[in-house]
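Here is the structure we will look at.
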Amino acid sequence: MSEHETEEPRRLNFLEALVEEDLASGRDGGRVCTRFPPEPNGYLHIGHAKAICINFGMAEKYGGACNLRFDDTNPTKEDVEYVDSIQEDVRWLGWQWDGEPRYASDYFEQLYAWAEELIEKDLAYVCDLNQEETREHRGTATTPGTNSPYRDRTPEENLALFRRMRAGEFPEGSCSLKAKIDMASPNFNMRDPVLYRIMHAHHHRTGDAWCIYPMYDFTHGQSDAIEGITHSLCSLEFENHRPLYEWFLENLSVPSQPRQTEFARLNLTYTVMSKRKLRELVESGAVNGWDDPRVPTLSGMRRRGYTPAAVRNFIDTIGVARFNSTIDLVVLENAVRDDLNKTAARRMAVLDPVKVVITNYPEGESELIEAVNNPEDDSAGTRQIPFGREVWIEREDFREEASRKFRRLVPGREVRLRYAYCITCDEVIKNADGDITELRCTYDPETANGQTPDGRKVKGIIHWAPAEAVDLEVRLYDNLFKDPDPEDVPEGVDWRENLNPDSLQTITAKGEPALADAAPGDRVQFERKGYFCADSGDSKPGAPVFNRTVTLRDTWAKIEKRDAGA
RNA sequence: UACCCCGUGGUGUAAUUGGCAACACAUCUGGUUUUGGUCCAGACGUUUCAGGUUCGAGUCCUGGCGGGGUAACCA
């Protein structure tokens, strides 16, 4: 459209640069294949969204494929509930994995064969040390480990033992299969890591077929190799595992040579991201389930009203590097505001209503006011709102006394009711407790439709709801934690003490009649208040329930706060 | 403490083979506006430190300082 269409292509992040180098050198025959490998032991959160967008995005950008692979090697922690929710979340974000979902458990037979291959090469042995003894033999940061007394068993002996492990002849913990690498290595991962452990546990996919299960390290790289993954992108904490990842690829007859590259995971202020901590919040009842709109799970964010586009744009703007950083939550909020500003229909709702009686408006009469549905989108059209002698306005939009800066309703001053008339407050009615129960105002009939025939400027504009308003249950969400870094607590203090007691406030609001018919999942902007989403679980046409996704940017609140501080 | 990784404005991400440090968000100031929203314009400010190589260092080398990761039969 514009003449400066020659927009500079976005600079490459270090992963894109790496892939382009590989493409240029013909490393994988010009092929790019990535994977997203979640363990099905919990719900996906916004941190996973980063990994998802990086892996799927890289495949999309370079004409490759991205697999969805469940890393299901620990049957005691995993469940189909999670494999279902993970697929739903990935699809919700708008990504499509290549073919069917894969499972590491599909490769158990091959992995087992590779374990025997290692034994035959005298690179693995069955060790009878128990867990505690194994830890003791591993040594410490400053002292090398000591060899297991079982390290020199012959390949024949090991093979027989390993087959008996598989056959279920041994109890859990009695022995394990270990790689024979180097107990003196400065990298703990290379000090004879455990490859297989005995678990007499039922697996959600393989049932009771196995009683030995491979460890992550023995599974991940080989699974990548089986699937022809070219770029195995994972988070920074696997950096020290890379030498082991490569050791298996070198010593086993694998079909391809994937390469692992690490990037920094996402941290956000005012929230926690670890699965363990999220689980604690859910199980302790601090929040109402994995899809509570206050937790950063994708299902929670979806319920809160976040859009896939907002999440993807967010991930796009934060970039990716190898530096551990923390993104300010407002960046996420801006991303959803930016998307919803363009797409959400405007409606009027009064969250904390106070009655206004327009004394010079003819009793018993009413009219219809036309309102724009979305000033950012002409095609959204207009709607009609009833207007009469009584309306609701926001309690905070009235003050008995206020400075000039307060551009709202004050006795003797004039404001415009959005899309309707200008009113002037004449009288304040209070109850015995001194609470304001009613404001008596007069309107200027000449000020319909934004007009002021005498040309006077009325700067204040406030939203309102008609007497025919419907009651809306509205859930006002705030940050889950009071502190930007909730996990940073002094010794002995529980991080949950940082929980914000006011993270959820439920109120009844007055909304324009059209809001009664909201369908679950509908997103709207309540003018001047924020973006809201009809709750996907509890909202019903006729009995709407709205979750606040995010407030609008509030410049006035900022001014007041600053002036109060000064 | 041992090993590995990382240090660029308030925050996050860029900077071709070494060549005038850029973009976004935040903040501040103005403008537009029937949302104190949106949008537009401007301002603000930076290479962790000390040496070295070089005509020239954010980039290369050495050392210090600071931050993170790892020490599960979890992933």
Side-chain angles (χ1 to χ4, degrees), chain A residues 8 10-14 37-39 41 71-74 76-78 104 127 129-132 134-135 138-145 172-178 185-191 193-199 212-213 215-217 219-220 234-243 262 264 269 275-276 317-328 330-331 334-335 337-338 341-342 346 348 371-372 375-376 405-408 416-420 422 447 449-452 458-463 525-531 551-560:
Chain A
E8 202 177 324
R10 210 170 73 74
R11 294 217 163 80
L12 302 180
N13 65 48
F14 82 101
E39 182 187 16
N41 70 342
D71 229 330
D72 55 349
T73 59
N74 187 349
T76 62
K77 293 189 174 172
E78 296 151 8
C127 178
L129 256 25
N130 65 29
Q131 207 170 143
E132 192 183 335
T134 294
R135 192 180 341 113
R138 193 154 32 229
T140 69
T142 44
T143 60
E172 286 186 16
S174 60
C175 59
S176 63
L177 184 73
K178 291 177 180 171
S185 171
N187 184 341
F188 285 100
N189 293 305
M190 303 300 274
R191 317 242 267 222
V194 173
L195 270 28
Y196 271 88
R197 76 286 216 189
I198 297 170
M199 293 178 112
I212 57 172
Y213 291 93
M215 299 289 289
Y216 163 84
D217 285 306
T219 306
H220 202 88
C234 62
S235 48
L236 244 29
E237 68 264 34
F238 291 102
E239 212 165 352
N240 292 351
H241 293 245
R242 196 184 336 133
E262 312 83 16
T269 56
K275 268 191 203 174
R276 203 197 89 232
T317 60
I318 60 173
V320 56
R322 289 172 65 79
F323 176 69
N324 278 300
S325 60
T326 302
I327 308 292
D328 196 323
V330 303
V331 179
N334 283 336
R337 286 189 187 110
D338 187 54
N341 176 49
K342 291 177 284 195
R346 272 55 170 177
M348 290 202 289
V372 173
E376 305 293 315
K405 285 185 179 174
F406 186 76
R407 305 208 302 256
R408 304 179 189 185
R416 174 175 295 285
L417 295 176
R418 181 134 159 100
Y419 293 123
C422 296
T447 56
N449 234 334
Q451 306 296 310
T452 47
V458 178
K459 210 158 187 209
I461 299 161
I462 62 175
H463 62 281
Q525 180 195 106
F526 289 170
E527 294 225 19
R528 304 208 306 131
K529 298 311 295 183
Y531 295 97
T551 61
L552 250 33
R553 209 182 251 106
D554 192 348
T555 306
W556 169 241
K558 204 182 293 175
I559 292 169
E560 280 228 293

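Every chain is numbered from 1, with letters handed out A, B, ... down the list of sequences.
- Partners of A/Tyr531 under the side chain to side chain donor-acceptor pair (under 3.5 Å) rule, at least two apart in sequence or in another chain, are A/Gln525.
- Across B/U27 and B/G10, the matching P atoms stand 15 Å from one another, rounded to whole Å.
- The residue A/Pro375 sits close to a base: some heavy atom pair falls under 4.0 Å.
- Dashed line: the shortest gap from a side-chain N or O of A/Thr555 to OP1 or OP2 of B/G37 is under 4.0 Å.
- Of the charged side-chain nitrogens involved, none lies within less than 4.0 Å of a carboxylate oxygen, so that A/Lys275 and A/Glu39 do not count as a salt-bridged pair.
- Under the ring-ring contact (aromatic ring centres under 6.0 Å, His included) criterion, A/Phe526 pairs with A/Phe532, A/Phe546, not counting sequence neighbours.
- Spacing of P atoms, B/U29 relative to B/C44, comes out at 15 Å, to the nearest Å.
- Side chain of A/Asn130 to backbone of A/Glu132: a donor-acceptor contact under 3.5 angstrom is found.
- Picking from B/G37, B/U35, B/G12 the nucleotide with the shortest atom distance to the side chain of A/Glu376 gives B/G37.
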Please tabulate the protein-to-nucleotide N/O contacts below 3.5 Å involving nucleotides 32-34 of chain B, giving atom names and distances.
residue : atom : partner  : partner atom : Å
B/U34   : O3'  : A/Arg418 : NH1          : 3.1
B/U34   : O2'  : A/Arg418 : NH1          : 2.7
B/U34   : O2   : A/Tyr419 : N            : 2.8
B/U34   : N3   : A/Tyr419 : N            : 3.4
B/U34   : O4   : A/Asn449 : N            : 3.3
B/U34   : O4   : A/Asn449 : O            : 2.8
B/U34   : O4   : A/Gly450 : N            : 2.0

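- Comparing the same atom, P, in B/A21 and in B/A26 gives a spacing of 26 Å after rounding to whole Å.
- Heavy-atom distances to RNA chain B give each of A/Cys175 and A/Phe406 a nearest nucleotide, and the one nearer the 5′ end belongs to A/Phe406.
- Across all strands shown, A/Thr326 has heavy atoms under 4.0 Å from sugar-phosphate atoms exclusively, and none from any base.
- Proximity note for A/Ala321 (side chain, C-beta onward) versus B/A14, B/A75, B/G36: the nearest is B/A14.
- A/Glu39 comes within 4.0 angstrom of the backbone, heavy atoms only, and of no base.
- Rounded to whole Å, atom P of B/A22 lies 21 Å from atom CG of A/Asn13.
- If you measure from atom CG of A/Asp217 to atom C1' of B/A75, you get 9 Å, rounded to the nearest angstrom.
- Of the candidates B/C6, B/G12, B/C74, the closest approach to any side-chain atom of A/Ile327 belongs to B/G12.
- Separating the NE2 atom of A/His463 from the P atom of B/U35 is a distance of 13 Å, rounded to the nearest angstrom.
- Contacts of A/Val458 with the nucleic acid, taken as non-hydrogen atoms under 4.0 Å apart, are absent.
- Among the protein residues, A/Gln525 comes within range of the nucleic acid bases, having at least one heavy atom under 4.0 Å from a base atom.
- Straight-line distance between the C1' atoms of B/A24 and B/G67: roughly 24 Å, to the nearest whole Å.
- Donor-acceptor pairing under 3.5 Å, judged by distance alone, is absent between the side chain of A/Glu560 and the base of B/G36.
- By the side chain to side chain donor-acceptor pair (under 3.5 Å) test, A/Lys459 is found to be paired with no residue, residues two or more places apart in sequence or in another chain being considered.
- No contact: A/Thr76 has no heavy atom under 4.0 Å from any strand.
- Between A/Arg197 and B/C74 there is a side-chain N or O to OP1 or OP2 distance below 4.0 Å.
- Looking at heavy-atom distances under 4.0 Å, A/Leu552 makes contact with a base.
- Residue A/Leu12 contributes atom CG, which lies 10 Å from atom P of B/A14 at whole-angstrom precision.
- Separating the CG atom of A/Asp328 from the C1' atom of B/G9 is a distance of 15 Å, rounded to the nearest angstrom.
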* **Protein proximity profile, nucleotides 23-29 of chain B - base contact B, sugar-phosphate-only contact S, no contact -, cut-off 4.0 Å on heavy atoms** => --SSSSS
* Structure fact -> Quick tally for nucleotides 66-71 of chain B: nucleotides whose base has a protein heavy atom under 4.0 Å get B, sugar-phosphate-only ones S, the rest -, giving --SBSB
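- Rounded to whole angstrom, the span from the CE atom of A/Met190 across to the P atom of B/C4 amounts to 14 Å.
- Ionic pairing of A/Arg418 and A/Glu527 is present here: one or more N-O contacts between side-chain nitrogen and carboxylate oxygen are shorter than 4.0 angstrom.
- Residues satisfying the ring-ring contact (aromatic ring centres under 6.0 Å, His included) criterion with A/His220, sequence neighbours excluded, are A/Tyr216.
- Taking atom P on both B/U59 and B/U53, the two are 15 Å apart, rounded to the nearest angstrom.
- Using a 4.0 Å heavy-atom distance criterion, A/Arg191 is classed as making no nucleic acid contact.
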* What pattern of brackets, bars and dots sums up RNA chain B from 5' to 3', given Watson-Crick or G-U wobble pairs under 3.5 Å, [ ] for crossing pairs and | for another strand? -> .((((((..((((.....[..)))).(((((.......)))))....(((((..]....))))))))))).....
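- Every residue two or more places apart in sequence or in another chain that forms a side-chain contact (heavy atoms from CB on, under 4.5 Å) with A/Ser176 is listed here: A/Cys127, A/Lys178, A/Val194.
- In this structure, A/Ser325 reaches the B/U13 phosphate: one of its side-chain N or O atoms is under 4.0 Å from OP1 or OP2.
- Residues meeting the side chain to side chain donor-acceptor pair (under 3.5 Å) test with A/Ser174, sequence neighbours left out: none.
- Shown here are the salt bridge (charged side-chain N to carboxylate O under 4.0 Å, His left out) partners of A/Arg197, two or more places apart in sequence or in another chain: there are none.
- Residue A/Asn341 contributes atom CG, which lies 10 Å from atom C1' of B/U35 at whole-angstrom precision.
- For the pair A/Asn41 (side chain) and A/Lys77 (backbone), a donor-acceptor distance under 3.5 Å is absent.
- Considering only residues two or more places apart in sequence or on other chains, A/Arg138 meets the side chain to side chain donor-acceptor pair (under 3.5 Å) condition with none of them.
- The P atoms of B/G18 and B/G51 are separated by 24 Å, rounded to the nearest whole Å.
- Going from atom CZ of A/Phe14 over to atom C1' of B/U16 covers 19 Å, rounded to whole Å.
- A/Leu129 comes within 4.0 angstrom of a base, heavy atoms only.
- Under 4.0 angstrom from either OP1 or OP2 of B/A75 there lies at least one side-chain N or O belonging to A/Thr73.
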